[in-house]
Amino acid sequence: MEIKDLPIGDEAFKAAVLETGLTNPEDVIEIRARKQKIKSVDGLECFPNLKLLDLTRNQLTEIDVSQNLLLEELYLGSNELEELDVSHNKALRHLEIFVNDIESLNLEGLTQLENVYASKNDLVELNLSGNPLIDEIQLSHNEELNLLMLPENHVPFIVKAENTQLDEDVKAFLTENLASHNLKI
């Protein structure tokens with residue numbers, strides 16, 4: 001089935017996919033659709049080889065990326081998401097979900113994850129202990145965030161966690177192990 005014939009109900013999303021210029025869904029490895037007023041991405045499962053999905057600044061309230069197993073980069077900042085399940089996206093390296101309403105984020109098993117940009121959400125805790133390659137973490141303005149667990153024997157390069165409630169032990173560890181210009185708490 002060609003892309004133009006796929007059951008994609010949101011016209012803005014369909015237009016963004018058609019802009020790739022491809023006809024075969026299996027050939028689509030990137031979808032970039034910032035600020036397109038997309039409300040639904042039903043049909044996303046039709047793109048099994050998708051590696052990059054950029055839906056920043058849209059109007060999404062939910063998204064299912066469980067069928068996009070090759071996804072490496074996911075950009076969902078400035079939407080209206082309250083939850084996100086990336087447990088099936090084992091290849092994920094880069095995750096941007098800033099300015100949403102996400103309260104809980106399970107990143108367990110994402111061993112390739114290098115970057116998490118989750119500022120301005122409603123996170124209370126974030127467990128990155130199973131993410132041995134994590135390099136940059138941005139969690140500022142998660143006002144209730146009090147627990148950040150990092151991988152054993154690995155210190156990220158950059159951590160930004162201003163306006164959070166991180167406990168003193170975590171703050172002390174970060175202050176002791178990160179260069180001052182790479183730390184904002």
Side-chain angles (χ1 to χ4, degrees), residues 1-123 126 128 131 133-142 156-158 160:
M1 181 180 295
E2 290 189 7
I3 291 173
K4 65 180 177 59
D5 301 320
L6 292 175
I8 298 175
D10 187 295
E11 290 301 319
F13 181 55
K14 190 164 194 168
V17 174
L18 289 170
E19 281 181 20
T20 65
L22 301 168
T23 55
N24 185 348
E26 285 82 23
D27 293 339
V28 177
I29 58 170
E30 289 187 6
I31 297 174
R32 296 178 187 266
R34 289 182 175 223
K35 297 193 276 186
Q36 301 297 314
K37 298 182 180 171
I38 296 170
K39 294 181 180 176
S40 170
V41 289
D42 289 347
L44 190 59
E45 68 279 0
C46 297
F47 306 100
N49 297 317
L50 194 62
K51 291 186 178 186
L52 183 148
L53 179 61
D54 186 350
L55 297 169
T56 304
R57 294 187 177 156
N58 280 287
Q59 300 168 0
L60 297 172
T61 57
E62 62 183 15
I63 186 169
D64 181 355
V65 292
S66 63
Q67 302 301 308
N68 307 102
L69 302 179
L70 301 180
L71 204 56
E72 295 176 4
E73 298 178 54
L74 182 57
Y75 302 85
L76 297 172
S78 293
N79 276 284
E80 300 167 20
L81 298 170
E82 292 183 6
E83 58 186 29
L84 177 65
D85 180 0
V86 289
S87 62
H88 299 280
N89 307 103
K90 303 299 184 193
L92 197 62
R93 293 182 298 107
H94 184 91
L95 178 62
E96 285 188 18
I97 56 168
F98 56 85
V99 191
N100 277 288
D101 299 313
I102 298 172
E103 294 180 13
S104 175
L105 188 61
N106 181 356
L107 302 175
E108 188 177 330
L110 303 183
T111 58
Q112 302 304 305
L113 191 64
E114 298 172 7
N115 306 306
V116 175
Y117 299 90
S119 294
K120 295 187 178 179
N121 274 282
D122 297 323
L123 295 171
L126 187 61
L128 297 169
N131 309 103
L133 302 179
I134 198 71
D135 199 39
E136 186 168 352
I137 307 163
Q138 293 192 19
L139 300 170
S140 296
H141 303 285
N142 280 281
F157 184 65
I158 296 173
K160 293 183 181 178

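Values below: all heavy atoms of this structure, side chains included; hydrogens, waters and symmetry mates excluded.
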Minimum heavy-atom separation for [X] to [Y], with atom names?
X: Asn79; Y: Arg57; answer: ND2-N, 4.1 Å
X: Asn142; Y: Ser119; answer: ND2-CA, 3.9 Å
X: Asp42; Y: Glu45; answer: C-OE1, 4.5 Å
X: Ile137; Y: Pro156; answer: CD1-CG, 3.7 Å
X: Leu76; Y: Thr56; answer: N-OG1, 4.3 Å
X: Ala33; Y: Ala16; answer: CB-CB, 3.5 Å

Under 3.5 Å, is there a donor-acceptor pair between the side chain of [X] and the main chain of [Y]?
X: Asp135; Y: Glu114; value: no
X: Asn68; Y: Phe47; value: yes
X: Gln36; Y: Arg34; value: yes
X: Asp85; Y: Ser66; value: no
X: Asn115; Y: Tyr117; value: no

Atom [atom1] of [X] and atom [atom2] of [Y]: how far apart are they, to the nearest 0.5 Å?
X: Arg32; Y: Glu19; atom1: CZ; atom2: CD; answer: 13.0 Å
X: Leu92; Y: Glu73; atom1: CG; atom2: CD; answer: 9.0 Å
X: Asp27; Y: Ile3; atom1: CG; atom2: CD1; answer: 7.5 Å
X: Leu71; Y: Arg93; atom1: CG; atom2: CZ; answer: 10.5 Å
X: Leu110; Y: Ser87; atom1: CG; atom2: OG; answer: 8.0 Å
X: Asn131; Y: Glu108; atom1: CG; atom2: CD; answer: 9.0 Å

- prompt: When Tyr75 is tested against each of Leu53, Leu55, Leu52 for side-chain contact (heavy atoms from CB on, under 4.5 Å), which residue passes?
  reply: Leu52

query: Can you tell which of Leu84, Leu60, Thr61, Asn121 makes a side-chain contact (heavy atoms from CB on, under 4.5 Å) with Asn100?
result: Asn121

pair [X]-[Y]: side-chain heavy atoms closer than 4.5 Å:
X: Asn89; Y: Leu74; answer: no
X: Val65; Y: Leu44; answer: yes
X: Ile97; Y: Leu105; answer: yes
X: Leu126; Y: Leu107; answer: yes
X: Asn58; Y: Phe13; answer: no
X: Leu123; Y: Ile102; answer: yes
X: His88; Y: Leu69; answer: yes
X: Lys4; Y: Thr23; answer: no

Might you confirm whether atom [atom1] of [X] has over 12 heavy atoms from other residues, nucleotides or ligands at distances under 6.0 Å?
X: Glu26; atom1: CD; result: yes
X: Glu80; atom1: CD; result: yes
X: Lys37; atom1: NZ; result: no
X: Glu62; atom1: CD; result: no

message: Apply side chain to side chain contact (heavy atoms under 4.5 Å, CB included) to residues Leu133 and Thr111 and explain how you reach the verdict.
response: CA-CA 7 Å; Leu133 302 179; Thr111 58; over 6 Å; no

message: The test is salt bridge (charged side-chain N to carboxylate O under 4.0 Å, His left out); show your working for Lys51 and Glu30 and say whether it passes.
response: CA-CA 6 Å; Lys51 291 186 178 186; Glu30 289 187 6; over 6 Å; no

task: Go through the steps for Val41 and Asp10 under the test side chain to side chain contact (heavy atoms under 4.5 Å, CB included), then give the verdict.
output: CA-CA 7 Å; Val41 289; Asp10 187 295; over 6 Å; no

